[in-house]
Amino acid sequence: MIERLGTVDSTQRVARERACAGVPGGYAVVADAQTAGRGRLGREWVSPPGEDLYLSIVLRPPLPARSSPLLTLHAAARLAERLDLQVKWPNDLVHEGRKVGGLLAEMEADGERVRWVVLGLGVNVNRREFPPSLPAATSLALARGRVLHREEVLETVLDALRPLGDLSALPTLDAWRARSATLGSSVRVGQVEGIATAVRDEDGALCVGGTWVVAGEIG
Ligand code: BTN
């Protein structure tokens with residue numbers, strides 16, 4: 001089921017409430033615009049109306065709670081395949097190094113098992129201009145040279161994400177590796193700098209110049 005909203009503070013907030021209220025896995029909340037869209041690391045996700053996609057989906061995978069951070073890397077890889085993009089560690093969607101979209105995951109556990117995961121996804125679909133605060137952003141429309149139908153992108157995205165809710169074990173990250181814009185490039189994550197040489201199946205950690213980095217963001 002898809003719950004469609006006009007302007008909302010954040011689809012993530014709404015989807016979390018729905019998850020707590022017991023909606024089934026696969027339930028998606030989509031908005032035309034957000035007034036308080038949230039990105040990773042407490043950042044704002046600028047969410048103007050009419051052009052882009054703002055979505056949060058409730059998943060209830062029968063997975064151990066400790067695997068839930070990995071779910072976003074798998075989600076990013078599936079989306080990159082379907083949208084013909086690349087992934088930037090850990091879960092940004094990029095085209096030629098510029099950010100097209102990003103994922104945010106929030107989880108509640110029931111003991112050692114996942115009770116729900118809410119995966120939030122923002123995709124720049126048709127936007128052509130970005131504020132100076134987002135110099136490295138682009139959109140699907142700019143990447144492909146044509147306007148896209150948001151509804152078709154939404155269908156593609158839901159097709160890619162919903163099966164994640166059925167996984168009782170996570171596969172290797174080979175699909176992520178195949179779409180990676182990060183492996184082989186020179187990166188800095190916090191204080192760690194070097195060539196990114198590997199990503200670890202167990203926890204999604206990135207090997208930077210020989211040091212495993214479990215969380216963070218490429219600067
Ligand atoms: C990132 O920082 O790259 C993740 C961005 C996630 C933004 C999406 S837009 C839909 C959903 N609602 C939110 O408030 N955030 C996520």
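For ligands, and for the atoms within them, numbers begin at 1 and follow the listed sequence.
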query = Quick one: nearest non-hydrogen protein atom to atom 5 (C) of ligand 1, plus distance?
reply =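 Minimum-distance protein heavy atom for atom 5 (C) of ligand 1 reads W45 CE3, 3.4 Å.
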query = Among protein heavy atoms, which sits nearest to atom 15 (N) of ligand 1, and what does the distance come to when rounded to 0.1 Å?
reply = R38 O, 2.7 Å
Taking only heavy atoms of [X], which atoms of ligand 1 are found under 4.0 Å from at least one of them?
| X | answer |
| --- | --- |
| G37 | 14 (O) |
| T11 | 10 (C), 11 (C), 12 (N) |
| S56 | 11 (C), 12 (N) |
| S10 | 12 (N), 13 (C), 14 (O) |
| D92 | 3 (O) |
| G122 | 7 (C), 8 (C), 9 (S) |
| L103 | 4 (C) |
| Q12 | 11 (C), 12 (N), 13 (C), 14 (O) |

query = What's the spacing between L134 CG and R43 CZ if we round to 0.5 Å?
reply = 9.5 Å
note = Interatomic distance, CG@L93 vs OG1@T138, rounded to 0.5 Å, equals 12.5 Å
task = Output, in order, the C-alpha distance, side-chain angles, deciding distance and verdict of side chain to side chain contact (heavy atoms under 4.5 Å, CB included) for V87 and R177.
result = CA-CA 9 Å; V87 287; R177 293 182 183 97; over 6 Å; no
Check this for me, if you would: do [X] and [Y] make a salt bridge, where the nitrogen-to-carboxylate-oxygen distance has to be below 4.0 angstrom?
| X | Y | answer |
| --- | --- | --- |
| R150 | D32 | yes |
| E151 | R4 | yes |
| R13 | E106 | no |

ask   = When only distance counts, is R40 in polar contact with ligand 1, meaning an N/O pair under 3.5 Å?
value = yes
message = Against V125, only a single residue in V100, L148, V147, L83 fulfils side chain to side chain contact (heavy atoms under 4.5 Å, CB included); can you say which?
response = L148
ask   = Heavy atoms, side chains only, cut-off 4.5 Å: are S56 and V14 in contact?
value =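 Side chain of S56 against side chain of V14, heavy atoms only: no contact under 4.5 Å found.
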ask   = Is Q34 touching ligand 1 with its side chain, its backbone, both, or neither, if touching means heavy atoms under 4.0 Å apart?
value =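 It is the side chain that touches ligand 1; the backbone stays farther off.
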Region of L41 engaging ligand 1 - heavy atom pairs below 4.0 Å = neither
Cluster check L55, V23: I/L/V/M/F/W/Y, side chain < 4.5 angstrom = no
request  = Report yes or no: does K99 have a heavy atom closer than 4.0 Å to ligand 1?
outcome  = yes
